[in-house]
Amino acid sequence: MKKYQPSIEEIDQKLDQTIKQKFSSGYMSNKKWVKLIDTFVENAELIKRGEIKKVLEEKIGLIFISENLQYEFDYWNIGFEGVNSFGGWLLYKEIEFLKFPAKFQNENSYQEQDLIEIKEIINKIGVFEMTDQNDELILFCYK
């Protein structure tokens with residue numbers, strides 16, 4: 001017996017419905033996402049770990065930022081292709097928030113990243129809904 005596999009259209013409708021029910025405000029347009037990722041790529045040495053929370057999942061994943069990412073190859077006007085730990089495509093509108101921890105364990109070592117510098121490069125792009133507390137910076141896509 002085949003397991004039911006929802007279509008892309010059904011998943012997209014569920015995502016849109018959940019966003020409308022769960023959040024009162026959306027802060028990120030696709031254009032703003034592209035500017036953000038462009039800036040992260042230009043400053044990849046500062047972004048050692050970025051965590052992402054999807055709207056339809058409770059699991060936290062990772063976004064992989066490097067100076068080698070290219071627009072229209074790794075990320076597009078609507079989302080990412082394979083630069084995340086969820087695998088495959090990830091539309092920008094699927095992301096509830098980005099989180100940058102000040103300290104984290106990577107493989108067998110502890111690492112740190114400068115949240116003040118990360119916040120400064122984000123603020124150069126424009127106005128974002130962010131909070132920095134408990135040794136982490138969170139950029140909200142919806143609230």
Side-chain angles (χ1 to χ4, degrees), residues 4-143:
Y4 172 71
Q5 183 74 19
S7 69
I8 293 171
E9 291 81 16
E10 290 172 317
I11 294 169
D12 198 45
Q13 286 175 352
K14 181 178 180 180
L15 177 62
D16 288 341
Q17 182 180 22
T18 302
I19 290 168
K20 285 178 187 175
Q21 290 173 349
K22 194 173 176 181
F23 307 107
S24 60
S25 298
Y27 300 117
M28 298 288 290
S29 66
N30 286 342
K31 188 174 180 179
K32 205 170 188 179
W33 266 109
V34 171
K35 285 182 181 180
L36 185 68
I37 301 304
D38 284 344
T39 301
F40 287 169
V41 170
E42 291 169 9
N43 296 277
E45 72 282 355
L46 298 176
I47 313 292
K48 297 176 183 164
R49 185 181 186 103
E51 300 174 354
I52 48 180
K53 159 76 174 62
K54 290 174 71 173
V55 170
L56 295 177
E57 292 186 26
E58 291 305 312
K59 186 173 94 172
I60 300 291
L62 299 175
I63 179 171
F64 307 121
I65 301 294
S66 79
E67 66 277 356
N68 298 322
L69 294 183
Q70 295 179 5
Y71 181 69
E72 295 188 339
F73 185 76
D74 300 300
Y75 63 104
W76 303 78
N77 62 335
I78 60 168
F80 305 105
E81 184 177 9
V83 295
N84 66 85
S85 63
F86 293 110
W89 274 94
L90 180 63
L91 298 176
Y92 299 135
K93 73 178 186 177
E94 291 181 80
I95 301 172
E96 185 173 336
F97 62 77
L98 280 169
K99 182 176 9 175
F100 303 94
K103 299 175 183 177
F104 58 94
Q105 187 170 357
N106 195 8
E107 297 172 13
N108 293 326
S109 66
Y110 284 95
Q111 295 191 0
E112 295 182 11
Q113 57 187 353
D114 189 335
L115 300 185
I116 294 170
E117 285 191 56
I118 294 172
K119 189 174 183 179
E120 284 176 4
I121 65 167
I122 292 170
N123 283 330
K124 287 179 184 176
I125 303 165
V127 177
F128 291 86
E129 185 68 25
M130 291 186 283
T131 183
D132 52 352
Q133 58 188 19
N134 302 326
D135 289 332
E136 62 186 17
L137 173 66
I138 300 174
L139 185 152
F140 295 99
C141 306
Y142 301 100
K143 213 167 186 184

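- Sequence neighbours left out, the pairs with a member in residues 118-143 that pass ring pair (Phe, Tyr, Trp, His ring centres under 6.0 Å) are F23-Y142.
- Judged as a side-chain hydrogen bond (donor to acceptor under 3.5 Å, both in side chains), and not counting sequence neighbours, D135 has no contacts.
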Result block: side-chain N/O donor-acceptor pairs under 3.5 angstrom for residues 41-50, not counting sequence neighbours:
from : atom 1 : to   : atom 2 : distance (Å)
N43  : ND2    : T39  : O      : 2.8
K48  : NZ     : E112 : O      : 3.1
R49  : NE     : E51  : OE2    : 3.0

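- Note that CD1 of I52 is 10.0 Å distant from NZ of K59, once rounded to the nearest 0.5 Å.
- Residues satisfying the salt bridge (Lys or Arg N to Asp or Glu O under 4.0 Å) criterion with K22, sequence neighbours excluded, are E96.
- Using modelled atom types, no side-chain atom of Y27 and backbone atom of V127 make a donor-acceptor pair closer than 3.5 Å.
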Fill in: Candidate pair K103 and Y110, rule side-chain contact (heavy atoms from CB on, under 4.5 Å), full reasoning
CA-CA 7 Å; K103 299 175 183 177; Y110 284 95; 5.9 Å; no

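- Put simply, the side chain of M130 does not reach to within 4.5 Å of the side chain of D132, judged on heavy atoms.
- Within the 4.5 Å cutoff, side-chain heavy atoms of L90 are placed close to those of K54.
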Exercise. side-chain contact (heavy atoms from CB on, under 4.5 Å) between N30 and N77: does it pass, once the steps are laid out?
Worked result: CA-CA 6 Å; N30 286 342; N77 62 335; 5.6 Å; no

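- In this structure, V55 and E94 have side chains that are not in contact, with every pair of non-hydrogen atoms separated by 4.5 Å or more.
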Show the numbers, then the answer: is there a side-chain contact (heavy atoms from CB on, under 4.5 Å) between Q133 and I138?
CA-CA 8 Å; Q133 58 188 19; I138 300 174; over 6 Å; no

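- Put simply, CD1 on I122 and CD1 on I118 are 7.0 Å apart, with the number rounded to the nearest 0.5 Å.
- Distance CD1/I37 to CD1/I63: 4.0 Å, rounded to 0.5 Å.
- Here the straight-line distance linking atom CD of Q113 with atom CG of N106 works out to 10.0 Å at 0.5 Å rounding.
- When atom types are taken as modelled, the side chain of N84 and the backbone of F86 share a donor-acceptor pair closer than 3.5 angstrom.
- Atom CG in L139 sits 9.0 Å away from atom CD in E129 (nearest 0.5 Å).
- Listed by first and then second residue, the ring pair (Phe, Tyr, Trp, His ring centres under 6.0 Å) pairs involving residues 40-69 are F40-F100 (not counting sequence neighbours).
- Counting heavy atoms from C-beta on, the side chains of K93 and C141 never come closer than 4.5 Å.
- A distance of 8.0 Å separates CD1 of I95 from CE of M28, quoted to the nearest 0.5 Å.
- Proximity of a side-chain donor or acceptor of K53 to a complementary backbone N or O of E57 within less than 3.5 Å is detected.
- Residues that satisfy the side-chain hydrogen bond (donor to acceptor under 3.5 Å, both in side chains) test with K14, not counting sequence neighbours, are absent from this structure.
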